Amino acid sequence: MKKIFKYVSLSLPLILGINLYGAKNEVKIASDMTGDFLMAPLYFAKGDICSNIKVMNTNEYSSILAKVTIRESIASHEVDLPILLSPGDIWSGNICQVKGKVILKSNDDSNHPSALGTLMGGIDLFKHSSITSYRENDYRKGYVELNGKSFKLEEIQKENLDFTSGYIEIYPIAQFNEHSKRKVKKSILVDRWNRLVEKDISNPKLRKYGVDNDSLSGLVSFNTEGQETASIPMIAFENVHSKQILGEAINYTSESDPSILIGKTNKTKILKLLQNSDLSFAYDNSGEDQYLHVAFPFGYKEKQSRRYKVIIRDMNENKHTMVFSPKYIMYNELACISVEELVKITNNKKKFKQGMIQITDITNNDTVQLGKDKSASLIPTISRISKIGNKDIFINIINLPAKN
């Protein structure tokens, strides 16, 4: 029996109690899902399920240059590519599993021409990831160096990389004020990109102080056999890209370093916005086929982990409540926890058929994010997997309303 996926995206402000509205010009989470830095908390590419990524330039009178950074689930090893968006333009790409490989395809004319040909045929995310693509000599020999040790590529793929799921970052690079809604020739945008790499800021249309707050919006849609069945909006941040970054750091052959592309201070501010030690969600059917996915952005470290506690409540006025004091562990940059396995630790699935689960005291075990023993910075998502027939189909997605 193949599986039917039903993704339920829990509203970030609702379950974490985040205040959307900060002081003017302070980094904050956008209430309208448009901003100048984006994060998608989850993509999935396994079996018949593909993920379609869309990045939209919501600025109708300006062109936007940006980087799409796809990060795998274990340690956020990346694949990034440049996109060149005219006013009101959209970029789209698909991530699917094909014969055991995770392939990114895009025939969008917003791709940089040097990458378009490869993307149209599809690129293997493992082979193009940061752990291999910057070690070409070792890669040709069939191994890579990692933490001072040599590994065969298949060992790295199995133990240190997993692109079947992960999360996505969208870094703005520059904004050019066109003062028109007309489409801009891609050759012009390519030339502008190349000049910024060469630190040329002479173009009078270049916005010298970063990108407008309402310039980008994004969506990840889940597809089976080309049919969209669910979607998760990207988390949008405002007041992140406040100055123009130039030189090799913005080149698409360079890794996407948030400390450079958005600055160390803004990186820390985003981590603080996402920092929380607790989250809550409802479950039913004793948690069967339900999963909690938790993305921990800006960790970028192998074998990272977080500890946490669990409180499980039933639906009957909390008549049955169980608090588990032992410290449980979430592993990797994108953790996946079976809700059914959590309910099983009550040893009484009948009493806990439906109710609420609280994950508390989520704390870093490693020197990642804001530091060891600090509350983790996280973006959670709930998924449901039901078995019907012999096809994998995402049923729908529910976005809970945000609190003001």
Side-chain angles (χ1 to χ4, degrees), residues 1-16 40-51 73 162 164-167 220-224 229-233 276 278-296 306 308-316 318-324 328-360 362 376 378-401:
M1 297 284 281
K2 291 189 178 180
K3 299 176 180 178
I4 290 185
F5 285 70
K6 178 180 179 182
Y7 268 78
V8 182
S9 175
L10 294 179
S11 167
L12 183 69
L14 181 63
I15 67 174
L16 300 184
L42 179 70
Y43 76 82
F44 191 88
K46 200 167 188 178
D48 294 334
I49 307 301
C50 297
S51 294
S73 61
D162 184 4
T164 60
S165 64
Y167 69 101
V220 176
S221 300
F222 303 97
N223 299 273
T224 300
T229 54
S231 62
I232 297 177
N276 205 289
D278 307 282
L279 62 90
S280 305
F281 58 93
Y283 71 93
D284 57 26
N285 200 29
S286 299
E288 183 177 345
D289 299 329
Q290 296 159 52
Y291 295 86
L292 170 66
H293 308 265
V294 188
F296 299 101
R306 279 89 182 170
Y308 66 97
K309 296 180 180 179
V310 183
I311 301 173
I312 304 176
R313 304 180 187 274
D314 79 323
M315 199 73 171
N316 187 20
N318 294 327
K319 181 179 179 180
H320 305 289
T321 301
M322 299 193 74
V323 180
F324 298 91
Y328 295 89
I329 302 294
M330 296 185 199
Y331 292 100
N332 301 330
E333 190 94 346
L334 177 67
C336 180
I337 300 173
S338 166
V339 178
E340 183 176 18
E341 292 302 313
L342 291 178
V343 175
K344 280 182 179 179
I345 61 178
T346 66
N347 293 319
N348 198 327
K349 292 175 64 175
K350 290 184 178 179
K351 287 183 179 180
F352 293 90
K353 193 74 174 176
Q354 56 182 334
M356 178 176 68
I357 293 178
Q358 294 170 276
I359 306 293
T360 68
I362 307 172
L378 53 93
I379 310 175
T381 307
I382 289 288
S383 70
R384 181 187 298 272
I385 306 171
S386 303
K387 298 178 181 178
I388 301 177
N390 61 356
K391 290 186 178 181
D392 295 344
I393 303 173
F394 281 84
I395 299 174
N396 85 13
I397 187 167
I398 300 171
N399 292 308
L400 302 178

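Note that the coordinates shown come from a computational prediction; the quantities given were computed from them, not determined experimentally.
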| query | So, for Y283 and R313, which heavy atoms are closest and what is the spacing to 0.1 Å? | reply | OH-O, 3.2 Å
| field | Value rounded to 0.5 Å, distance of CZ in F44 from CD1 in I232 | value | 11.5 Å
| task | Verify side-chain contact (heavy atoms from CB on, under 4.5 Å) between Q290 and F281, making sure each step is shown before the conclusion. | result | CA-CA 11 Å; Q290 296 159 52; F281 58 93; over 6 Å; no
| query | Quick one: side-chain hydrogen bond (donor to acceptor under 3.5 Å, both in side chains) partners of N348, sequence neighbours excluded? | reply | none
| request: Would you give the length of the straight line joining atom CG of L378 to atom CG of D278, rounded to the nearest 0.5 angstrom? | output: 9.5 Å
| Distance in Å, L279 CG paired with Q358 CD, rounded so as to fall on 0.5 Å steps | 9.5 Å
| query | How far apart are the closest heavy atoms of N332 and R306, and which atoms are they? | reply | O-NH1, 3.6 Å
| request: Report yes or no: does D284 contribute a side-chain atom to a donor-acceptor pair with the main-chain N or O of A282 at less than 3.5 Å? | output: no
| said: What I'd like to find out is whether the side chain of K351 reaches to under 4.5 Å of the side chain of T346, using heavy atoms alone. | reply: no
| task | Considering non-hydrogen atoms only, spot the tightest contact between S338 and Y291 and give its length. | result | CA-CD2, 3.7 Å
| query | If you round to the nearest 0.5 Å, how far is OH of Y43 from SG of C50? | reply | 12.5 Å
| Rounded to the nearest 0.5 Å, how far does OH of Y328 lie from CD1 of I345? | 3.5 Å
| Of the non-hydrogen atoms in P41 and I379, which two are nearest, and what is the gap between them? | CB-CG2, 3.4 Å
| Is V220 close to L42 at the side-chain level, that is, under 4.5 Å between some pair of heavy atoms? | no
| message | Using every non-hydrogen atom in the two residues, find where L342 and Y308 come nearest and quote the distance to one decimal. | response | CD2-OH, 4.2 Å
| query | How far apart are the C-alpha atoms of V310 and I359, what are their side-chain angles, what is the distance that settles it, and do they pass the side-chain contact (heavy atoms from CB on, under 4.5 Å) test? | reply | CA-CA 5 Å; V310 183; I359 306 293; 4.3 Å; yes
| query | Which pair of non-hydrogen atoms, one from I357 and one from V339, has the smallest distance, and what is that distance? | reply | CD1-CG1, 3.7 Å
| query | To the nearest 0.5 Å, what is the distance between CD (E288) and NZ (K344)? | reply | 9.0 Å
| task | Go through the steps for S383 and H293 under the test side-chain contact (heavy atoms from CB on, under 4.5 Å), then give the verdict. | result | CA-CA 8 Å; S383 70; H293 308 265; 2.9 Å; yes
| message | So, using side-chain hydrogen bond (donor to acceptor under 3.5 Å, both in side chains) as the criterion, who are the partners of E333 when residues are at least two apart? | response | S76, Y167, Q304
